[in-house]
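First the structure, in the form of structure tokens, and then the observations on it.
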Amino acid sequence: MLKTRILSALILAPIFLFIVYTGGIYLDLLGIAMAMIMLYEFYSMTLGSNDLMLKITGYFSGLTVMISIYGWINIQLVLLLLPLAISSLLFVWLLTPEPIESAANRLSFVITSTLYPVGLMAFFPLLRDMEHGLELSFIVLFVTWSADSCAYFVGRAFGKTKLAPLISPNKTVAGAVGGVTGAIVMALLLSTVFKLDYTIIAVIFLGLFISIFSILGDLVESLIKRSTKVKDSSNLIPGHGGLLDRFDAVLLSAPLVYVFNILYHKVSF
């Protein structure tokens, strides 16, 4: 299993990082593709095979949100497409009420999916387009991966007290502390390498916030999987599961860094 995980990472990570480095339209298109795949995984966990039309309207709504955030269409067209997407969703929902006991849940799943994962995924290309966006994008990726790795090894070695036993029984308080520590160290290292104009205090807070939101992102997806009784969001990536399994932490940490960078240049630390 570990060998498969490493092999998958060695093949896919350089391709992904190259597209991040290139940025622009290529990363925008990759972001849309990843959002649609994660949307498929989300629907596979939450909706049934009889909800095809509901899923289709969900894809349409999600795509509308993505291209609106990217600014690919003007505001007049946005104001036309968003009500159309919402109306279509409600119309399809009314046409497919059975089973009636879960009708409200199924609608809420589709509405939620336009925010998580689609709306959150849109922030990663937006982050890349900012000033020093390349460096910040790499910080998000490597700090979240560092936090995840440190949490895993520290948790296995010292973990006793469970962090959230009902949601993710394998996560421990010691693992969380190890993840936070690893994230802060990696953030300090990368900020030095990239020569970012952040103070040391700001970088420490950045690493702290990324690690905390990474844990939250992981717990959010764990709760979805646990409540729907699935082990992985999909089997797309050998040894890793699905895209949601691999990028659940990035979904929350990328918007955080986007907001953090804006506020930092308005309010000095």
Side-chain angles (χ1 to χ4, degrees), residues 5 8-9 11-13 15-17 19-20 23 25-49 51-70 72 85 89 105-128 137 140-141 144-145 147-148 167-168 210 213-258:
R5 286 174 63 91
S8 297
I11 294 174
L12 297 176
I15 298 173
F16 178 73
L17 291 175
I19 296 176
V20 173
I25 187 66
Y26 302 103
L27 185 57
D28 288 349
L29 291 174
L30 178 63
I32 290 176
M34 291 177 65
M36 293 300 105
I37 292 172
M38 286 190 279
L39 198 55
Y40 169 81
E41 293 175 345
F42 182 84
Y43 289 157
S44 296
M45 292 188 290
T46 57
L47 297 178
S49 57
D51 295 314
L52 178 60
M53 291 305 298
L54 203 57
K55 293 176 183 178
I56 291 175
T57 54
Y59 289 124
F60 174 62
S61 300
L63 187 60
T64 299
V65 168
M66 290 288 285
I67 63 178
S68 299
I69 292 176
Y70 288 166
W72 287 7
L89 172 61
N105 288 338
R106 288 182 284 121
L107 178 63
S108 65
F109 287 142
V110 178
I111 294 174
T112 300
S113 69
T114 60
L115 303 175
Y116 175 92
V118 174
L120 294 178
M121 183 63 211
F123 275 89
F124 189 77
L126 290 179
L127 176 66
R128 173 63 180 86
S137 298
V140 167
L141 295 174
T144 54
W145 293 339
D148 183 61
I167 300 174
S168 185
I210 290 177
F213 275 71
S214 297
I215 294 171
L216 291 176
D218 192 41
L219 288 175
V220 166
E221 205 228 348
S222 293
L223 180 56
I224 295 172
K225 291 191 294 184
R226 197 161 181 81
S227 65
T228 55
K229 297 179 173 61
V230 299
K231 183 179 183 297
D232 296 316
S233 60
S234 75
N235 58 359
L236 179 66
I237 308 174
H240 292 270
L243 277 183
L244 267 176
D245 298 317
R246 187 66 274 174
F247 284 90
D248 52 4
V250 175
L251 284 177
L252 289 187
S253 55
L256 164 75
V257 176
Y258 179 87

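The analysis underlying the following values was restricted to heavy atoms, covering all of them including side chains, and did not include hydrogens, waters or symmetry mates. Since the structure is predicted, the reported quantities are computational estimates derived from the model, not experimental observations. Nothing fancy with the numbering, it's 1 onward along the sequence.
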- [ ] Answer whether the closest heavy-atom distance between the side chains of Thr46 and Tyr43 falls below 4.5 Å.
- [x] yes

Task: Residue that, paired with Met121, satisfies side chain to side chain contact (heavy atoms under 4.5 Å, CB included) out of Ile69, Leu251, Val65 - done: Leu251

Task: Inter-residue atom distance Arg128.CZ - Asp28.CG, 0.5 Å rounding - done: 10.5 Å

Open item on the list: Quick check: do Leu243 and Ser234 have side-chain heavy atoms less than 4.5 Å from each other?
Closed with: no

Task: Exercise: identify the closest heavy-atom pair between Val230 and Met45 - done: CG2-SD, 3.5 Å

Task: Within 6.0 angstrom of Asn105 CG, more than 12 heavy atoms from elsewhere - done: yes

TODO: Return the minimal non-hydrogen interatomic distance between Asp51 and Gly48, and the atom names on each side.
DONE: OD2-N, 3.0 Å

Open item on the list: I need the minimum non-hydrogen distance between Arg226 and Ile167, along with the two atoms involved.
Closed with: CD-O, 3.2 Å

Open item on the list: Do Leu141 and Phe16 make a side-chain contact, defined as non-hydrogen atoms from C-beta onward lying under 4.5 Å apart?
Closed with: yes

Open item on the list: Closer than 3.5 angstrom, by distance alone: can the side chain of Lys225 be matched with the main-chain N or O of Lys231 as a donor-acceptor pair?
Closed with: yes

Open item on the list: What I'd like to find out is whether the side chain of Arg106 reaches to under 4.5 Å of the side chain of Leu54, using heavy atoms alone.
Closed with: yes

Task: Short side-chain to backbone donor-acceptor contact, Ser8 and Pro238, under 3.5 Å - done: yes

TODO: Measure the spacing between CG of Asp232 and CG of Leu244 and express it to the nearest 0.5 Å.
DONE: 11.0 Å

- [ ] Compare every heavy atom of Tyr70 with every heavy atom of Pro125, then report the nearest pair and how far apart it is.
- [x] CG-OH, 3.1 Å

Task: Side-chain donor or acceptor of Arg246 paired with backbone N/O of Gly241 under 3.5 Å - done: no

Open item on the list: Nearest 0.5 angstrom please: Ile25 CD1 to Leu30 CG, how far?
Closed with: 11.5 Å

- [ ] Taking the side chain as every heavy atom from C-beta outward, state whether Ser233 and Phe42 have any pair of such atoms under 4.5 Å apart.
- [x] no

- [ ] Kindly indicate, with the supporting measurements, whether the criterion side-chain contact (heavy atoms from CB on, under 4.5 Å) is fulfilled by Leu29 and Ile19.
- [x] CA-CA 10 Å; Leu29 291 174; Ile19 296 176; over 6 Å; no

- [ ] Examine distances only and state if a side-chain atom of Glu41 and a backbone atom of Gly242 form a donor-acceptor pair shorter than 3.5 Å.
- [x] no

TODO: Would you name the heavy atoms of Thr114 and Ser61 that are closest together and state the gap between them?
DONE: CG2-CB, 3.9 Å

Open item on the list: Is there a side-chain contact between Tyr116 and Ile224 in this structure, where contact means two heavy atoms from C-beta onward sitting under 4.5 Å apart?
Closed with: yes

Open item on the list: Looking at Phe213, I'd like to know if its CZ atom is crowded, meaning that more than 12 non-hydrogen atoms belonging to other residues, nucleotides or ligands lie closer than 6.0 Å.
Closed with: no

TODO: Go through Val257 and Leu127 one step at a time and tell me if the side-chain contact (heavy atoms from CB on, under 4.5 Å) criterion holds.
DONE: CA-CA 8 Å; Val257 176; Leu127 176 66; 3.9 Å; yes

Task: Point-to-point distance, once rounded to the nearest 0.5 Å, from OH of Tyr40 to OG of Ser113 - done: 15.0 Å

Open item on the list: Could you walk me through whether Phe60 and Leu89 satisfy the side-chain contact (heavy atoms from CB on, under 4.5 Å) test, starting with their C-alpha distance in whole Å, then the side-chain angles of each, then the deciding distance to 0.1 Å, before giving a yes or no?
Closed with: CA-CA 9 Å; Phe60 174 62; Leu89 172 61; over 6 Å; no

Task: Nearest heavy atoms of Leu120 and Leu252, plus distance in Å - done: CD1-CD2, 3.5 Å

- [ ] Spell out, as yes or no, whether a donor-acceptor pair under 3.5 Å connects the side chain of Asp218 to the backbone of Ile215.
- [x] no

Open item on the list: Nearest 0.5 angstrom please: Ile237 CD1 to Ile11 CD1, how far?
Closed with: 11.5 Å

- [ ] Would you mind reporting whether Met36 and Leu39 have side-chain heavy atoms less than 4.5 Å apart?
- [x] yes

TODO: Might you work through the side-chain contact (heavy atoms from CB on, under 4.5 Å) test for Leu47 and Val110, ending with a clear yes or no?
DONE: CA-CA 9 Å; Leu47 297 178; Val110 178; 4.0 Å; yes

